[in-house]
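So you know, we letter chains A, B, ... as the sequences are listed, proteins then strands, and number each from 1.
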2 protein chains.
Amino acid sequence: MLTRSEEDHIKAVYALLQDNDSAFTKDIAERLRTKASSVTDMLKKLAEKKLVKHEPYYGVKLTAKGEAIALQLVRRHRMWETFLVNRLGFGWDEVHEVAEQMEHVASDKLIDKLDAYLGHPSFDPHGDPIPDKHGKIRARKTKRLSTCMQGDSVRIAAVSETTDGLLRLLDSKGLRIGSVLSVQEVHAFDGSMDVKPKSGAAFSLSKDVSHHLQVEAA
Amino acid sequence: MLTRSEEDHIKAVYALLQDNDSAFTKDIAERLRTKASSVTDMLKKLAEKKLVKHEPYYGVKLTAKGEAIALQLVRRHRMWETFLVNRLGFGWDEVHEVAEQMEHVASDKLIDKLDAYLGHPSFDPHGDPIPDKHGKIRARKTKRLSTCMQGDSVRIAAVSETTDGLLRLLDSKGLRIGSVLSVQEVHAFDGSMDVKPKSGAAFSLSKDVSHHLQVEAA
DNA sequence: ACCGTTTATTAGCCATGCCTAATCTTTTTT
DNA sequence: AAAAAAGATTAGGCATGGCTAATAAACGGT
Ligand SMILES: [Mn+2]
Ligand SMILES: [Mn+2]
Ligand SMILES: [Mn+2]
Ligand SMILES: [Mn+2]
């Protein structure tokens with residue numbers, strides 16, 4: 001059995017490996033709001049348990065076993081977020097912290113039953129895919145809104161960074177998963193972007209925001 | 001914020017105080033599957049936090065603050081059990097361990113929403129009352145089936161000891177919360193009891209079982 | 001009233017997970 | 001190429017929550 005801290009470290013490594021092919025001590029520490037030295041200690045322990053491969057000074061990767069655990073945690077996290085939003089009526093900006101705790105409840109039967117109860121959802125409230133019980137994730141071809149060009153018409157597929165501030169900002173602009181936007185103009189100066197929703201007036205999104213929106217062709 | 005271990009100790013003290021007016025180190029240790037010396041350490045810590053009153057060698061009681069916390073934990077535990085049985089379809093003999101973990105998820109909003117989602121249940125799947133958000137428990141006048149006499153007609157109100165074995169035994173006899181029984185005969189020799197359900201043939205219950213059934217007049 | 005048994009506490013140890021400060025290594029800048 | 005900066009690891013310490021063994025207190029039976 002893994003401790004909560006071990007689980008959180010594995011999940012952090014997994015998350016960082018989505019963007020780069022090695023995860024670094026400093027970034028793990030930042031994600032977990034802890035210190036680099038603590039992370040080094042934990043990486044050593046996880047390496048002994050054969051859950052990560054740690055090349056000191058050169059970063060860390062997950063073993064197959066470690067990745068399977070990470071996927072299970074991601075599954076639990078996103079499943080609980082879905083429950084909280086779809087069943088209990090939480091806002092999508094309110095669920096992250098609670099799911100961060102619930103994901104550590106250890107019971108395979110619980111997650112299987114929850115999965116059925118929720119109707120085997122494929123995506124969480126932030127548009128992120130929910131791995132199935134074998135860890136399989138449905139592949140999608142998405143890109144960041146910030147990489148789109150003038151004239152592109154796109155649908156918001158997911159919000160990649162789960163900070164409540166960003167989610168509330170999207171709420172205030174009426175944006176949600178599934179919203180369709182056309183890119184009117186991209187400003188070279190600050191990377192901001194003018195977009196127009198299907199119905200309603202165009203408005204501007206900062207690069208900070210567009211960078212965190214995953215979109216697919218509409 | 002309390003740790004999981006602190007919470008479990010407070011809950012154990014609360015549970016023991018239901019039967020006696022002081023809780024003892026040995027019994028707390030037994031309930032938590034830990035050692036008496038570990039309990040002593042924890043009681044000292046909880047006493048410093050003003051959650052218990054500990055008279056060394058003479059047992060421990062809860063302060064008002066401690067009791068409020070215990071009631072909140074009991075509320076969470078029973079609420080999650082209700083969710084697991086009523087919504088996810090778990091058997092009443094399968095939920096204790098999982099609820100033991102879920103009760104430590106700290107979020108008042110979560111429990112309030114869950115309460116509403118479940119329709120403000122007053123009792124958990126074992127017939128135990130669920131404290132309301134202020135810690136109020138609906139009082140009932142119940143007694144152990146083992147104290148009943150020949151001729152008494154009673155309704156099963158709660159199963160006081162939550163061990164899966166007992167629950168499965170009750171399942172096998174077709175007994176559940178709300179079942180009505182009449183006491184046919186009490187055998188002095190072993191304290192066993194012949195009971196007859198509303199419909200069906202009479203059968204015998206050992207004292208071990210009747211001791212753990214809380215009943216009310218039918 | 002005493003003695004043995006039960007129960008509780010204390011003393012001392014250990015693993016875990018965190019920290020700061022000191023010491024590498026690697027990378028970047030000059 | 002050397003110096004500086006950034007990043008990582010190691011060394012050493014601390015709080016938590018366990019444990020066993022030793023000791024102390026309370027209780028029950030004679
Ligand atoms: Mn977590
Ligand atoms: Mn999410
Ligand atoms: Mn618990
Ligand atoms: Mn219960």
Side-chain angles (χ1 to χ4, degrees), chain A residues 1-17 19-62 66 69-70 73 100-101 103-104 106, chain B residues 1-17 19-62 66 69-70 73 100-101 103-104 106:
Chain A
M1 207 24 28
L2 299 178
T3 65
R4 172 166 182 178
S5 182
E6 289 172 326
E7 290 187 340
D8 279 336
H9 279 79
I10 289 173
K11 201 157 64 92
V13 172
Y14 175 84
L16 290 165
L17 290 176
D19 287 328
N20 302 282
D21 58 28
S22 213
F24 295 96
T25 305
K26 185 185 76 99
D27 301 311
I28 299 168
E30 195 171 303
R31 258 189 124 72
L32 299 179
R33 297 222 168 85
T34 180
K35 301 296 175 189
S37 56
S38 306
V39 171
T40 301
D41 288 347
M42 184 58 83
L43 292 180
K44 248 183 270 179
K45 201 206 313 185
L46 294 176
E48 264 160 36
K49 294 194 180 186
K50 306 285 188 202
L51 300 174
V52 305
K53 254 183 322 231
H54 184 206
E55 298 279 7
Y57 295 104
Y58 289 91
V60 64
K61 294 184 205 309
L62 291 172
I69 290 170
L73 288 165
E100 202 56 50
Q101 297 181 60
E103 70 191 1
H104 302 290
Chain B
M1 209 23 30
L2 299 179
T3 65
R4 172 165 181 178
S5 183
E6 289 172 326
E7 289 187 341
D8 280 334
H9 279 78
I10 289 173
K11 202 157 64 92
V13 172
Y14 175 84
L16 290 166
L17 289 176
D19 288 328
N20 302 283
D21 58 30
S22 212
F24 296 96
T25 306
K26 185 186 76 97
D27 301 312
I28 299 168
E30 195 170 303
R31 258 189 124 74
L32 299 179
R33 297 219 168 85
T34 180
K35 303 295 174 191
S37 56
S38 306
V39 172
T40 301
D41 287 348
M42 185 57 84
L43 292 180
K44 247 182 270 177
K45 202 209 309 189
L46 294 176
E48 263 161 34
K49 294 193 178 187
K50 307 284 187 204
L51 299 175
V52 305
K53 251 182 325 228
H54 184 208
E55 298 278 6
Y57 295 103
Y58 290 90
V60 63
K61 294 185 203 309
L62 290 171
I69 289 170
L73 288 165
E100 202 56 51
Q101 297 181 58
E103 71 191 0
H104 303 289

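Side chains of A:Leu2 and A:Lys49 form a contact here, defined as non-hydrogen atoms less than 4.5 Å apart. Within the 4.5 Å cutoff, no side-chain heavy atoms of A:Val13 are placed close to those of A:Leu51.
Not one side-chain nitrogen or oxygen of B:His54 sits closer than 4.0 Å to the OP1 or OP2 atom of C:dA8. A sub-4.0 Å separation between OP1 or OP2 of D:dA21 and a side-chain N or O of B:Lys35 is absent. Phosphate contact (OP1/OP2 of D:dA26, side-chain N/O of B:Tyr58, threshold under 4.0 Å): present. OP1 or OP2 of D:dC19 has not a single side-chain nitrogen or oxygen of B:Ser37 nearer than 4.0 Å.
Looking at heavy-atom distances under 4.0 Å, A:Ser5 makes contact with sugar-phosphate atoms alone, never a base. Residue contacts shown for B:Ser38 include a base, since a base heavy atom lies under 4.0 Å away. The residue B:Thr25 sits close only to the backbone: its heavy atoms come under 4.0 Å of sugar-phosphate atoms, none of a base.
The side chain of B:Thr34 lies closest to D:dG18 when the candidates are C:dC18, D:dG18, D:dT9. Here the side chain of A:His9 is nearest to one of D:dA24, C:dC18, C:dT25, namely C:dC18. Distances were taken from every side-chain heavy atom of A:Tyr57 (C-beta onward) to each of C:dT26, D:dA25, C:dT10; the shortest belongs to C:dT26.
Here the C1' atom of nucleotide D:dA8 and the NZ atom of A:Lys44 are 11 Å apart, to the nearest Å. The distance between atom CG of A:Leu32 and atom C1' of C:dC18, rounded to the nearest whole Å, is 12 Å.
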Inset, instruction - Evaluate the side-chain contact (heavy atoms from CB on, under 4.5 Å) criterion for residues A:Ile28 and A:Leu32: first the C-alpha distance (whole Å), next the side-chain angles of each, then the deciding distance (0.1 Å), finally the verdict. - result: CA-CA 6 Å; A:Ile28 299 168; A:Leu32 299 179; 3.9 Å; yes
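In this structure a side-chain-to-backbone donor-acceptor pair under 3.5 Å is present from B:Lys61 to B:Asp21.
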